[in-house]
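Being a predicted model, the structure only gives us computed values, none of them experimental. By convention in this document, chain letters (A, B, ...) are assigned in the order of the sequence lines, proteins followed by strands, and residues within each chain are numbered from 1.
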Amino acid sequence: MIPAKKLLNTLTEHWGMLELLFKRFKMADFSLKDVQNAIKQKQPTWSNERIYKETNRLLNQDIIIPLAKSSQLEINRAIADFATFLLQEEHLGLAQEISVLVEDLARLGNRLANAGEIEDYDELRRFSRIMDDRVRKIMKLFAHNENAILNIVEQAKANNAVQSLQKRYKAVIEAFDEYIEPMLEMVDIRGDFHACFSTIEEQISTQIVHIERSGKAYQDKRMLEQLRTRILEMHLVGRESLRKSADMLMPLREELRRNNMITRQAAKVLGLIRKNGVDNMLSSVQPHFVSDAQRFSLGQQRHMVAYMAGLVEFEHSEYELPDQQDVPAYVTPNIPDYNNVKTSFKKRFNAKRKKPEPLLTFLGESYPELEADEMLFLYQKLVSDTDIEISQSDEKMRVKIAGQHFSLFPFNTKPVDPTHNQTGNE
Amino acid sequence: MTQINLHELTHLQAINKKLVTGYHISEQDTLMWQELDQHIEQYSALFSSLGHDLQHDSRGFYYFASDESTPNMGKISRAIALTVYILIEHYANTGKDPMRALFDEVNDLELMQTLVQMNKHLFDQLEIFSGSDLRKDVYLRMIRLGLAREVEGGFMLQAPVYRYIDALMEVNEETYLGEDE
């Protein structure tokens, strides 16, 4: 028998190393070398001799024990449990653990009722104690599982990009499917669990009433009352704990479900796109954006509608395109160069400026081969030329040029005393 | 009838300028977002009388809804959609949580190159042939539309990308086949 104090001292001294071993190997086995490495890591200044001595100490005190028929070692189970408790490294228990305990509780309840009936108070006390123990155990399991779920949730939420999605959420899904759901079913108000508790409660109440009536074993009444309270409390605590756990897990589960759905959908859509082409597949679903440019173009349906509405007023009229024969052949106008006209005009009138001479006469004499409109074109150019001094006559005249008659106030070359001319086409 | 007090809408000009170009105002555009958030009723009344449909998405962004795109915008939108879906697939394949990675990871040029290389025949259809094409044709446009922001070393997607995820969830074989007929 190793003195407890000695053991605790060793534990305190080597806690760092034990924690390391515990975390690294969980519940698996390890070699002597691993232990020595762990000590070295925690106490790098220690000599090899010292490490060897300390390892032996751990082995001697049964903190680390050799596995049967193997050179491998493991942490003493009792110490491991203690470490689990200290580190809150709790692993989720199974729903069955609790349901087995509850079934046991029901069995004990029956035994207790029987003992009460035959007034065997020793037995009554014994069963009451065992039941009390079971109830405590169940409560402990509830608390334990709640912590375990908290750990799972925290791990899943930790932003650990290295860990794969699958792995991160595996624990969540398992916790939900294997613990929360069966447990919720169990504590459901219509479930067996509830019925079982009602029976036990009834049985205990009957015993209490019986004891009150008979007056025998009065000191046991208090114990039974405590047991009844504890069972009720357990039921309540269990429900609370489950609700809390479910609340913690639910959002993660939803998130995972949604993520899985999106991933699956993305893979599916990309598959369809690969098969059918990008434009074919995405045109119908892509989100649309307002763009500034489209407000000024006929790009949008509503623009088209507005445009079509405008077209309602439109009346179609026949327009005949001209035939080739209808187009008259193009004739180059044979108007002489204006500059030449002007020069010859100046030449002629500079010398003798005795009396006004009508411009048209000059044109008619100089260019008899011109058409009437061509003649008028030259006339108009000469009239509007500021270089030439001309005047407009006051009286209307009838002139014949190139076979056409015009009546106008003709412009004349300027004589010494000005006469006024005026133009006016037919 | 909502009273619209133009003096209260201090950022109207900036907001309008952004929204009419298809920009999504999300929480990262702090000033405009807060302004919109505070006077949402006035703004939506004002914009709807101007013929716009101001939408507020509860995932934290505002935009003008439109039921049609110009052909050019349509093409851009398809390229963005393809990129987002390929990103989701890529993250899922590399074992990341796609939804988290989509918004938390920086998209750098290396990632863009990888995406284009691995989905060459898809990007080819959109005339995107390299990582820098993807950057130019998709990511820079996403910035213009407020779907992403530029950070050191690359781009980060923003909440409005959810529009594409919604669109993704809408796709199913039936809609596609139904259209074919």
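Heavy atoms of B/N119 lying under 4.5 Å from chain A belong exclusively to its side chain. Contacts of B/A79 with chain A are absent, with no heavy-atom separation under 4.5 Å from either backbone or side chain. With a 4.5 Å cut-off on non-hydrogen atoms, B/I76 does not touch chain A at all.
Considering B/Y63, B/Y162, B/Y164 in turn, B/Y164 is the only one that fulfils the side-chain contact (heavy atoms from CB on, under 4.5 Å) rule with A/P287.
Dense packing is recorded around CZ of B/F103, with more than 12 heavy atoms of other residues, nucleotides or ligands lying under 6.0 Å away. More than 12 heavy atoms of other residues, nucleotides or ligands sit less than 6.0 Å from atom CD of B/E150.
Taking each heavy atom of A/T263 and B/P98 in turn, the nearest pair found is OG1-CG, 3.3 Å.
For residues 130-148 of chain B, heavy-atom neighbours of chain A at less than 4.5 Å comprise B/L145, B/L147, sorted by residue number.
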Derivation of the side chain to side chain contact (heavy atoms under 4.5 Å, CB included) call for A/I262 and B/M99: CA-CA 8 Å; A/I262 289 177; B/M99 290 313 286; 3.6 Å; yes
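Looking only at heavy-atom pairs under 4.5 Å with chain A, the residue among B/V84, B/L19, B/D53, B/I88 that has the most is B/I88. Options B/R78, B/H121, B/Q125, B/R163 differ in how many heavy-atom pairs under 4.5 Å they form with chain A, and the most are formed by B/R78.
Residues B/L122 and A/L270 have side chains in contact (heavy-atom distance under 4.5 Å, counting atoms from C-beta outward).
Remark: B/E170 CD to A/Q265 CD distance equals 10.0 Å, nearest 0.5 Å. In this structure, NZ in A/K268 is found 9.0 Å from CG in B/L168, a value given to the nearest 0.5 Å.
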